[in-house]
*Asks:* 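Starting off with a structure, shown below.
Since we're looking at a predicted model, the values are computed, not measured. Every heavy atom of this structure was used, including side-chain atoms; hydrogens, water molecules and symmetry mates were not.
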Amino acid sequence: MQILDGKRVSTKLKDEAQKEVTQLKSAGITPGLAVILVGDDPASHIYVNMKQKTCEDVGIYSIVHKMPDDISEEKIIETIQMMNKNPNIDGILVQLPLPPHIDEERVIGSIDPNKDVDGFHPCNVGRLSLGMDCFAPCTPLGVMRLLKEYDIELKGLDACVVGASNIVGKPMMNLILNEFATVDICHIHTKDLSSHTKRADIIFVGVGKINLITEDMVKDGAIIIDIGINKNSEGKTVGDVDFENVSKKCSYITPVPGGVGPMTIAMLINNTIKAAKKRGK
Ligand code: NAD
């Protein structure tokens, strides 16, 4: 069994990104990222701080628009429209979730698709499903980059994606289908989850349930990608896979933490650089 080490790969990618940013700066372009952060959700604040710190490390200019919980939808959209027009901003990210009185779809839909570095705008979602160049969501994109780093080819593999959200499961499905995997996608209403996972050469799980994937649900030598992030009863961060037992049976596995998580921010940086390169074109 081999560990897919997202921490190591993401560090390497950040070093590469830093070099690219230096080159862009010498050509007169400083990549810029604007983050919209609404409310006081502690997890959202932690994620935004991590994103901002990584931007700083690689030399990307970043600004965070912090807004109170009771802000109006119009005010958020106005700020996004300002960022759409701002020539120093290449990427715009709205930290989710938004408070319940805000229409998430309308807010995301107001981002210029060319600055949509999270890949959540319907235009980028459509382009991804058509296999066109686009901004793909950072978490599944990070998974793809990790697989590439370990020379894992998806063509012809039987894949099972567990979890079908718009930000994890569905884009994961599209990305691997574009690489010619044969894909089963499962969700809360799937009748017999293990009948799907047992057949798979590679399992991607992003649900948010501790020990959802157990040893008996996995075939020998399968590749396991654990996207889930949970806190167990001892306060430790764990994924959706029973790592201790499944790791004895599989060929590759991502640990949690240190697997998919660090790749997500690395892809946000890559998407922002990609947007900056398109500036003026
Ligand atoms: P979500 O709640 O939006 O979606 C969960 C999905 O899992 C749904 O499609 C649901 O139908 C499915 N599901 C729920 N229970 C199930 C079950 N028993 N069997 C099969 N499917 C089931 O969640 P999300 O935003 O997609 O996040 C999923 C997980 O991924 C969470 O743990 C989250 O913390 C993690 N996540 C990690 C990263 C990262 O950077 N590693 C990024 C985003 C999300």
Side-chain angles (χ1 to χ4, degrees), residues 17 21 24-25 27-41 43-56 58-130 132-141 165-168 170-171 174 264-265 267-281:
V21 170
L24 277 168
K25 280 182 172 170
I29 296 172
T30 300
L33 176 71
V35 179
I36 315 277
L37 175 59
V38 183
D40 303 318
D41 178 44
S44 291
H45 278 257
I46 292 172
Y47 289 138
V48 168
N49 285 342
M50 278 161 57
K51 289 168 187 175
Q52 221 187 354
K53 160 98 178 48
T54 311
C55 282
E56 232 172 71
V58 302
I60 290 178
Y61 162 69
S62 74
I63 40 170
V64 180
H65 291 272
K66 287 189 183 145
M67 297 178 174
D69 215 25
D70 59 355
I71 190 101
S72 71
E73 196 172 296
E74 287 320 309
K75 195 78 201 147
I76 301 176
I77 291 175
E78 248 174 53
T79 309
I80 291 174
Q81 284 166 345
M82 236 164 58
M83 295 298 109
N84 283 343
K85 287 193 206 125
N86 185 335
N88 296 318
I89 294 299
D90 301 291
I92 302 169
L93 176 165
V94 177
Q95 186 65 40
L96 300 177
L98 290 170
H101 69 282
I102 307 284
D103 181 348
E104 212 165 272
E105 278 179 24
R106 214 179 138 230
V107 168
I108 300 295
S110 71
I111 300 173
D112 177 348
N114 293 310
K115 295 191 177 190
D116 170 39
V117 285
D118 251 347
F120 296 159
H121 190 286
C123 178
N124 281 310
V125 176
R127 291 179 71 90
L128 174 63
S129 74
L130 292 169
M132 294 165 73
D133 180 50
C134 65
F135 290 112
C138 299
T139 298
L141 193 61
S165 70
N166 290 338
I167 63 167
V168 178
K170 285 186 203 162
N174 275 316
T264 299
I265 295 191
M267 290 303 105
L268 173 66
I269 297 300
N270 274 18
N271 277 352
T272 306
I273 293 173
K274 176 175 168 168
K277 283 181 179 163
K278 290 184 178 172
R279 202 190 274 190
K281 283 189 187 156

*Asks:* Dump the intermediate steps for side-chain contact (heavy atoms from CB on, under 4.5 Å) on Ile167 and Thr139, then the final yes or no.
*Replies:* CA-CA 8 Å; Ile167 63 167; Thr139 298; over 6 Å; no

*Asks:* Do Cys123 and Cys134 have side-chain heavy atoms sitting under 4.5 Å apart?
*Replies:* no

*Asks:* In sequence, state the C-alpha distance, the side-chain angles, and the governing distance for Met67 and Thr79, and then conclude on side-chain contact (heavy atoms from CB on, under 4.5 Å).
*Replies:* CA-CA 10 Å; Met67 297 178 174; Thr79 309; 3.1 Å; yes

*Asks:* Can you tell me how far apart OH (Tyr47) and CG (Leu37) are? Round to the nearest 0.5 Å.
*Replies:* 13.0 Å

*Asks:* For Ser110, is there any backbone N or O sitting under 3.5 Å from a side-chain donor or acceptor partner on His121?
*Replies:* no

*Asks:* Per the side chain to side chain contact (heavy atoms under 4.5 Å, CB included) rule, which among Leu268, Val64, Ile92, Ile63 passes with Val35?
*Replies:* Val64

*Asks:* Show your reasoning for whether side-chain contact (heavy atoms from CB on, under 4.5 Å) applies to Val38 and Gln95.
*Replies:* CA-CA 7 Å; Val38 183; Gln95 186 65 40; over 6 Å; no

*Asks:* Treating His101 as the side-chain partner and Ser72 as the backbone partner, does any N or O pair qualify as donor plus acceptor under 3.5 Å?
*Replies:* no

*Asks:* Looking only at heavy atoms, which two atoms of Asp41 and Ser44 are closest? And how far apart?
*Replies:* OD2-OG, 2.8 Å

*Asks:* Can you tell me if CD on Glu105 sees more than 12 non-hydrogen neighbours from other groups inside 6.0 Å?
*Replies:* no

*Asks:* Just how far is it from atom SG of Cys55 to atom CD1 of Ile269, taken to the nearest 0.5 Å?
*Replies:* 4.0 Å

*Asks:* Only one of Thr54, Leu24, Thr30, Ile273 passes side chain to side chain contact (heavy atoms under 4.5 Å, CB included) with Ile60; say which it is.
*Replies:* Ile273

*Asks:* Using modelled atom types and a 3.5 Å cut-off, is there a donor and acceptor pairing between side-chain atoms of Lys274 and backbone atoms of Phe135?
*Replies:* no

*Asks:* How would you list, by chain and number, every residue that makes a side-chain hydrogen bond (donor to acceptor under 3.5 Å, both in side chains) with Ser62, sequence neighbours excluded?
*Replies:* none

*Asks:* Please check: side-chain N/O of Asn271 versus main-chain N/O of Ala136, any donor-acceptor pairing under 3.5 Å?
*Replies:* yes

*Asks:* Give me the atom names and distance for the closest heavy-atom approach of Glu73 to Val107.
*Replies:* CG-CG2, 4.2 Å

*Asks:* With distance as the sole test, does Asp90 use its side chain to make a donor-acceptor pair with the main-chain N or O of Gly32 at under 3.5 Å?
*Replies:* yes

*Asks:* Could you report the tightest heavy-atom contact between Ala34 and Met83, atom names first, then the distance?
*Replies:* CB-SD, 3.6 Å

*Asks:* Which atom pair, heavy atoms only, marks the closest approach of Asn84 to Lys115?
*Replies:* O-NZ, 2.9 Å

*Asks:* May I ask you to decide whether Glu78 forms a salt bridge with Lys75, counting only side-chain N to carboxylate O separations under 4.0 Å?
*Replies:* yes

*Asks:* Nearest 0.5 Å, please: how far is CG in Leu98 from CD1 in Ile36?
*Replies:* 9.5 Å

*Asks:* Salt bridge check: are Asp116 and Arg127 linked by an N-O gap of less than 4.0 Å?
*Replies:* no

*Asks:* Just verifying a value: how many Å separate Leu93 CG and Asp118 CG, rounded to the nearest 0.5 Å?
*Replies:* 4.0 Å

*Asks:* In Å, rounded to the nearest 0.5 Å, how long is the span from CG of Asn114 to CZ of Arg279?
*Replies:* 13.0 Å

*Asks:* Is any side-chain heavy atom of Phe120 closer than 4.5 Å to a side-chain heavy atom of Pro137?
*Replies:* yes

*Asks:* Side chain of Lys25, backbone of Gly59: donor and acceptor closer than 3.5 Å?
*Replies:* yes

*Asks:* Please give me the minimum heavy-atom distance between Asp133 and Lys278, naming the atom from each residue.
*Replies:* OD2-NZ, 3.3 Å

*Asks:* Going from CZ on Arg106 to CD on Glu74, what distance comes out if it is rounded to the nearest 0.5 angstrom?
*Replies:* 4.5 Å

